[in-house]
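Here's the structure we're looking at; comments come further down.
Proteins come first, then strands; the chains are lettered A, B, ... in the order of their sequence lines, and each starts at number 1.
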Protein chains: 4
Amino acid sequence: MNERSFTNPLYALSGSALMKDKRQKIIDAAETLIAESGFQGLSMHKLAKEAGVAAGTIYRYFSDKEDLLQQVRLEVAQRNAEAIQRDVDESMPLKERFRKMWLNIFDLSVSNIDNLKNRAQYDSLPCVRSHETKEIERKMFSKVDQLFTEGRETGVFKPLDNPVLAALSLEVSVTLARKQSLGYYQLDQDAIEAAIEASWDAIITH
Amino acid sequence: MNERSFTNPLYALSGSALMKDKRQKIIDAAETLIAESGFQGLSMHKLAKEAGVAAGTIYRYFSDKEDLLQQVRLEVAQRNAEAIQRDVDESMPLKERFRKMWLNIFDLSVSNIDNLKNRAQYDSLPCVRSHETKEIERKMFSKVDQLFTEGRETGVFKPLDNPVLAALSLEVSVTLARKQSLGYYQLDQDAIEAAIEASWDAIITH
Amino acid sequence: MNERSFTNPLYALSGSALMKDKRQKIIDAAETLIAESGFQGLSMHKLAKEAGVAAGTIYRYFSDKEDLLQQVRLEVAQRNAEAIQRDVDESMPLKERFRKMWLNIFDLSVSNIDNLKNRAQYDSLPCVRSHETKEIERKMFSKVDQLFTEGRETGVFKPLDNPVLAALSLEVSVTLARKQSLGYYQLDQDAIEAAIEASWDAIITH
Amino acid sequence: MNERSFTNPLYALSGSALMKDKRQKIIDAAETLIAESGFQGLSMHKLAKEAGVAAGTIYRYFSDKEDLLQQVRLEVAQRNAEAIQRDVDESMPLKERFRKMWLNIFDLSVSNIDNLKNRAQYDSLPCVRSHETKEIERKMFSKVDQLFTEGRETGVFKPLDNPVLAALSLEVSVTLARKQSLGYYQLDQDAIEAAIEASWDAIITH
DNA sequence: TATGAATGAGACTTCATTCAT
DNA sequence: TATGAATGAAGTCTCATTCAT
C-alpha cells in the first residue's frame with residue numbers, strides 16, 4: 001500500500017496515488033473474482049465491473065490479461081511469503097522455528113485451497129520462473145533457507161540441499177492441507193502435531 | 001467387441017474396431033494437445049484436426065467437452081495407477097516395496113511434468129472425486145494401502161492414517177520431481193536414494 | 001393403406017409392402033415428434049430413432065427434409081379433409097350440413113392446436129400451393145363447395161364467391177378455436193351454438 | 001437520453017443517440033430478414049451483416065436471440081396496434097368505426113402477408129402472452145373493445161363476448177386478406193364492401 | 001487519463017446429408 | 001435395401017482488446 005495516502009489526504013487525489021489506487025483496485029478485484037469462480041471464470045468485463053472501472057482502463061495498467069495475471073500471482077506470492085515466515089525469529093530454537101513455519105504453511109494452504117485462491121498459486125506459479133519470481137522465492141525462503149542451512153551445518157539435519165529438505169519436511173504440509181480440503185480426512189490438533197513430528201524425523205539425522 | 005479383430009489382423013479396420021480406434025484417436029489427440037498447450041488450450045476444432053476427424057465426430061463418442069475431459073482424466077489416472085504399482089509384489093520386503101513405489105512415482109512425475117501431461121492429472125483429478133474417481137484411487141492405492149497398513153500393524157510405521165503416511169513419504173517424490181523439472185536442481189542417484197531414505201525416516205518409529 | 005398386407009401375410013414382407021410400411025412409419029414418427037415438440041424440434045436423427053430406422057433410410061423414401069415435411073403436411077391435410085366432411089351428406093338440410101361442418105372444423109382445430117399439430121397445418125400449408133395441394137383442397141372442400149354453391153343458387157346465401165363465403169362463416173370456427181386454445185375464453189355449448197348462428201347470419205341474405 | 005440530440009441535429013450522432021440508432025438498426029434489419037426469409041432464416045451472423053454491425057454488437061443490446069425476437073415482435077405488434085385504430089374516433093357512428101377498422105386490418109394484413117412480415121405476427125405473438133403482450137393487446141383493442149361493448153349494450157350487437165364478436169367480424173378480414181395474398185382470388189372494392197357488410201351481419205341482431 | 005461501445009475471431013455444439021459396408 | 005458412422009458447414013454466443021470521444 002502507498003502509505004502516504006493514509007497520512008496525507010492530498011496524496012489521495014494526486015496523479016500517481018490515484019493511479020496506484022486504480023491499479024490496486026483492479027488487482028484486488030481480480031483476486032476476489034478468482035477466489036469466487038476460479039481462474040477460468042475471470043473475464044475482463046467482469047473484472048472491470050468488480051473493480052469499478054471501464055474495461056479499457058485495465059489496459060492502462062496492464063499490457064494484457066496475461067500481464068495482469070502475472071502481477072496478481074506476484075502479489076499473492078508476496079503475501080504468502082510474508083505469511084509463511086510470520087512470527088518466526090532467528091533467536092527461536094530450530095525446532096520451534098520449524099514448527100511455526102510448518103503450521104503457517106499448513107494454515108495458509110487450507111485457507112487458500114478453500115477459497116480457490118490456490119489456483120492463483122498452484123496453477124500459475126510453476127508456469128513462470130522469471131527474475132521476479134526468483135526474487136520472491138528468495139524472500140519467501142530466506143528464513144527457511146536459514147533454518148535448513150543452520151540445521152545442516154550443526155549436524156542436526158541430513159546433508160541434503162535446502163530445496164530437498166524443504167520438500168521432505170515443510171512442503172508436506174501443503175500436501176496434507178490439500179488432501180484435507182479435498183475431504184480425505186480431517187486432521188485434529190494431535191494429528192497435526194504428529195505430522196509435524198514425522199516431517200521433522202524425515203530430515204534429522206538418526 | 002468384435003473378437004475377429006484379435007484373431008485376424010485383417011479385420012483391424014472392421015466396424016467395432018474402427019470405432020474403438022476413433023474414440024482412442026480422439027483421446028490420444030486430446031492428451032497430446034493438453035501436453036502441448038495445457039488444459040485451456042484444448043479447443044474442439046484443434047482436437048478434431050489433431051485426431052484427424054471431423055468436429056462433429058467427437059460428439060459421437062463424447063456427449064460434450066466436459067465428458068471428453070473426464071474420460072481423458074480417467075485414462076491418465078488408470079495409466080498412472082498401473083505405473084505406480086508396477087513390479088511391486090506383496091512377497092517383497094516392506095522397505096523394498098516402499099522404495100520401488102517411491103521410484104515409480106518419481107519417474108512418472110518427472111515424465112508427466114516434462115510433458116506438461118501433469119495438467120491432466122493435477123488440474124483435473126481433484127475437481128471430480130466421483131464414484132469412478134474413487135474406484136480409480138482404490139485401485140491406484142491398493143498396494144500402497146497394504147504397505148502402510150502392514151507397516152503400521154507390525155509397529156514399523158507410526159500410528160498415522162494411511163493418507164497421512166502417504167503424504168509424508170511417497171508423495172514427497174512428486175514434490176521432488178516437480179521441483180527438479182522446474183530446474184531447481186538435478187538429483188543424482190545418490191541424492192534420490194538419500195531422499196527415499198529420508199522419506200522412510202518420516203514414517204517409521206524411532 | 002395397402003390392403004393386401006392385411007389379407008395376405010406374405011405381402012407383409014414383400015418389397016413394396018415393406019417399403020410402404022417404412023415410409024409410413026417415418027411419416028407417423030414425424031407427426032408424433034412434431035406434435036410433441038413443434039416443427040423446429042424435428043431433427044432427422046430423432047426422427048430416425050422414433051421411426052426405428054437408420055438415418056440414411058429416410059433418404060430412400062424422401063429426397064430431403066423439405067420433401068418429407070411436404071408429405072407430412074399432405075397426409076395431415078388429407079386427414080383433415082376427411083374429418084371436416086365427416087357425417088355430412090348431401091341429403092341433409094343446408095343448415096344442418098353447415099352446422100356439422102362448422103363443428104367438425106372447430107373440434108379439429110381445438111385438438112390440432114392443443115397438440116401443436118396445428119403447426120403442420122398452419123405453418124406449412126400456406127407456403128406451398130402445388131398441384132397436389134390444390135388437389136387436396138378441391139377434395140377437402142367438395143362438400144363445402146357444394147354447400148355454398150347450392151345456398152347461393154337458391155338465394156339463401158349472399159352472392160359471394162365460395163372462398164369468401166367460407167372465410168366469412170366456416171373458417172371463423174378456426175379463429176375461435178385458436179383463441180380458445182390460447183386461453184382467451186372457454187366456449188360452452190350455448191356459446192358455440194350462438195357462434196354458429198352468427199356465422200350463418202354472415203352469409204345468408206336478410 | 002441525451003437531450004441535446006433533440007434540440008440540435010448536429011448531435012444526432014452523439015453517444016446515446018448513436019446507441020439508439022444501433023439498436024434500431026438491428027431491429028430493422030431483423031424485420032427485413034424475417035420478411036425475406038421467414039423466422040427460421042434469421043441467423044445472428046446474417047443479421048449482423050444486414051445491420052452493418054459486428055456479431056458481438058447485437059449482444060450489447062439484446063441478451064440473446066430470444067430477447068431480440070421478443071422485441072421485434074413487440075415493435076411489430078405496436079405498429080400494428082396503431083395501424084388498426086388509425087383514423088378511428090369515438091364520435092364516429094358505430095358502423096363507420098367498424099368499417100374503418102375492418103379495412104385497416106385488411107390493408108395491414110395484405111401488406112404484412114405480402115412481405116411475409118406476418119410471420120413476426122402470427123408465428124410469434126401466440127407463443128408468449130406475457131405481461132407486455134397483454135398490455136399491447138389491450139392497447140391494440142381499446143377502440144375495438146369500445147366498439148363491441150357499445151354495440152352490445154345498445155342492443156345493436158348480439159350478446160356475445162368481445163373476443164367472439166371480433167373473431168366473427170373484424171378478424172374475418174385477416175382470413176380474407178391471407179387468402180387473397182395466397183392467390184385464391186382478388187377482391188375488388190365492391191367485393192370488399194360486401195364482405196364488410198357480411199361481417200356486420202354476423203354480429204348484429206336481426 | 002478514462003470511458004465503454006464496438007469489434008471479430010473463435011469457442012462449443014447441432015444437424016441434414018452422404019457413402020462405404 | 002438398409003445401415004449408421006462420418007462429415008463439415010453453420011448455428012449461437014463470449015470475450016480480450018481497441019479506439020474515438
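- Look at NZ on B:K25: it is 9 Å from P on F:dA6, rounded to the nearest Å.
- A straight line from CD1 of D:I58 to P of E:dT7 spans 10 Å, rounded to a whole angstrom.
- Atoms NZ (C:K22) and P (F:dG4) sit 10 Å apart, rounded to a whole Å.
- The shortest heavy-atom contact between C:A30 and C:L47 is N-CD1, 3.4 Å.
- Taking atom CG on A:L69 and atom C1' on F:dC15, their separation rounds to 14 Å, with Å as the unit.
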Base, backbone or nothing for each nucleotide of nucleotides 12-21 of chain E, written B, S, -, heavy atoms under 4.0 angstrom, 5' to 3'?
BBB-BBB---
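- To the nearest 0.5 Å, the span separating CE on D:M44 from OG1 on D:T57 amounts to 11.0 Å.
- Applying the side-chain contact (heavy atoms from CB on, under 4.5 Å) test to C:E50 and every residue at least two apart in sequence or in another chain returns C:A29, C:T32, C:L33.
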Dot-bracket for DNA chain E, 5' to 3', counting Watson-Crick or G-U wobble pairs under 3.5 Å, with [ ] for crossing pairs and | for inter-strand pairs?
.||||||||||||||||||||
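- Note: CG (A:L47) to P (F:dT14) measures 18 Å, nearest angstrom.
- Under the rule for a side-chain hydrogen bond (donor to acceptor under 3.5 Å, both in side chains), the partners of D:E75 that lie at least two apart in sequence or sit in another chain are D:Q24.
- Listed by chain and residue number, C:R23, C:I26, C:I27, C:I58, C:D67, C:L68, C:Q71 satisfy the side-chain contact (heavy atoms from CB on, under 4.5 Å) test with C:F62 (two or more places apart in sequence, or in another chain).
- Atom NZ of D:K25 and atom NZ of D:K22 lie 5.5 Å apart (nearest 0.5 Å).
- Considering only residues two or more places apart in sequence or on other chains, A:D64 meets the side-chain hydrogen bond (donor to acceptor under 3.5 Å, both in side chains) condition with none of them.
- By the 4.0 Å N-to-carboxylate-O rule, A:E31 lies close enough to A:R79 to be salt-bridged with it.
- One atom, CG of D:D67, and another, C1' of F:dT14, lie 17 Å apart when rounded to the nearest Å.
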